[in-house]
Amino acid sequence: MTSGEQRGVWTAVALITIAGLILRILAARGGLWLDEAWSAVTAQDVGTPAGVFVGINHDNNHHLNSLWLQWVGSGAPPLLQRALSIVAGSATIPLAAAIALRRGRASAILAAVAFAVSPFLVTFGSEARGYAPMLLAWVAAIGVADRWLADPAARPPTTAIALAAIFGCLSQATMVFALAALGPWVAIGRWRAAGWRCAVRDTARLFIPAAIAVMLLIAIAWTAAATSRTGFQFGAREPHDDWKMLTGLEQLWTWSCGLWVIAPMVAIAGWFVRDRFTGLVLLTAIALPLTVALLALPNSGASRYYIVAVPPLLLSAASTLPVLWARRGVWRLPVLIAGALFVWTAIERDGALVADLRGDPGQAVSKLIEVAPGGARVSVALSRSTAILIAAARSRGYRLTIDDSRCAPFRFIERDGGNRFPDPLVHCGRQFAEIARGDPNGVSGSHWRLYARSR
């Protein structure tokens, strides 16, 4: 590849990255939804960085994100509170392009487009949680491992893998799933190239420092939980359900690549053209869910549980589709169909995210400022909803009081999914009228209604 061709590729990647950044900024407007709000409130409540590690023994504590939220403060606008994810999600775009560039210019540009506009990545790359920084670390780990597999005579990237593991695990604990897939992927690659003895030796040399670091982080988290009064807590702990898990996986692939059927098609095509990423796709997209099902792990119906499978699939698609296109004939039609479906659904779903802003709970406080500028007493139907109102009020500097009485002048009701809201709403012999609402259409957000007591 000539220097001029490289400049052309990187100019295109830079423009795509800027577009991905703008898209994430647009999607990051609006108030924090439930999980984000609890992250912001608890980060402020513990008071110190040390408290983030030993004082928040909760599955919603994504450590680097909590540190960021603590540092910017509870009065920061939501866009700033989400800035860590916005930057990390945007940085993943050129990183993925650099990995795919080893397969060709078309692969680099396709990877940049996929990582820039995939609705699943845009969603988690624009909210105040730890998934986007974790994915940045995960893609970096894939990149250094892939480069070493292509040139095993080079020095093993032991330090880079360890740093990616530390950064990823501090960002979000599902990085452990990613590392559990990366090790076998590297081992299989070395076994095919040099036999099982070299595979065992080289894989151990590459991953032992990372494994030690991860075990130390787990030990710190376990010790903090074991010595606390409440132990380790879950925001919601739902038992494993096979049907819910399949629904979550369908949502994952639908929101990642257009239709769920595209995911197995990409895996089959990657296997056919002998793309190295196919093995990682099989480990993360098939072996991981099967393991979760066999172990009957809780909360397995959440699509984000399997988010580590998205980067390998998109990288595999970016590497495989240009190869199939170059073969012409019967292959070009399915490539065109898959590309068209991805682009169409990405435009539709990213547009919906930008429009509804995860239900934008901040509009509830905006309405309160309009009708009660001096402050308001609000009751909540679910105790968990208090964080949503507190976070929105703090970011706007509004005086809001959570009132335990249902007779308070305002009532905030939040629901999961399709659960119905009361109509009419009557408390203390008075009817309440709806004055604001929010309904998200994506993979995250809060459904809510704000009611005002009749005069």
Side-chain angles (χ1 to χ4, degrees), residues 1 5-6 8-20 22-23 92-123 125 139 142 146 249-282 284-286 303 309-354 442-443:
M1 187 183 303
E5 290 173 334
Q6 281 198 334
V9 170
W10 283 113
T11 298
V13 170
L15 293 174
I16 295 167
T17 301
I18 292 171
I22 293 172
L23 180 58
T92 308
I93 300 168
L95 181 56
I99 297 169
L101 185 59
R102 300 166 196 160
R103 275 81 172 168
R105 291 174 293 169
S107 293
I109 293 173
L110 284 177
V113 171
F115 277 78
V117 303
S118 173
F120 207 80
L121 298 185
V122 172
T123 298
V139 174
I142 293 173
D146 177 64
L249 288 170
E250 187 273 336
Q251 185 184 62
L252 173 78
W253 298 124
T254 297
W255 280 78
S256 297
C257 50
L259 292 176
W260 71 264
V261 72
I262 293 177
M265 289 174 59
V266 168
I268 293 170
W271 185 271
F272 182 77
V273 303
R274 299 183 182 277
D275 176 63
R276 186 160 54 230
F277 289 130
T278 303
L280 197 55
V281 171
L282 297 176
T284 55
I286 296 178
S303 57
V310 177
L313 183 87
L314 296 183
L315 286 170
S316 182
S319 301
T320 301
L321 295 185
V323 175
L324 296 179
W325 183 264
R327 294 184 178 182
R328 303 187 179 185
V330 69
W331 294 106
R332 289 199 167 183
L333 181 59
V335 169
L336 281 173
I337 292 174
L341 283 172
F342 175 80
V343 171
W344 176 261
T345 55
I347 292 172
E348 180 184 18
R349 290 175 180 138
D350 289 340
L353 175 62
V354 170
V443 296

Could you list the donor-acceptor pairs under 3.5 angstrom formed between side-chain atoms of residues 336-347 and any protein atom two or more places apart in sequence or on another chain?
from	atom 1	to	atom 2	distance (Å)
T345	OG1	L341	O	2.7
T345	OG1	F342	O	3.2

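- Every residue meeting the side chain to side chain contact (heavy atoms under 4.5 Å, CB included) condition with A106, not counting sequence neighbours, appears here in chain and number order: P322.
- Taking each heavy atom of V13 and A108 in turn, the nearest pair found is CG2-O, 4.5 Å.
- Looking at residues two or more places apart in sequence or on another chain, you find a side-chain hydrogen bond (donor to acceptor under 3.5 Å, both in side chains) between D146 and R102, R103, R276.
- Between the side chain of S118 and the backbone N or O of S256, at least one donor-acceptor pair lies under 3.5 Å.
- Between P312 and I142, the closest heavy-atom pair is CG-CD1, 4.1 Å.
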Donor-acceptor pairs under 3.5 angstrom involving side-chain atoms of residues 261-268: please list them, not counting sequence neighbours.
none

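- Scanning for side chain to side chain contact (heavy atoms under 4.5 Å, CB included) contacts around I18 gives I22, with sequence neighbours left out.
- The two residues W331 and F272 make their nearest non-hydrogen contact at CZ2-CE2, 3.6 Å.
- Among all heavy-atom pairs drawn from T278 and G270, the shortest one is OG1-C, 3.0 Å.
- Looking at residues two or more places apart in sequence or on another chain, you find a side chain to side chain contact (heavy atoms under 4.5 Å, CB included) between I16 and I93, I109, A112, V113, A116.
- A111 and A318 get closest at one heavy-atom pair: N-CB, 3.6 Å.
- For R349 (side chain) and G258 (main-chain N/O), a donor-acceptor pair under 3.5 Å exists by modelled atom type.
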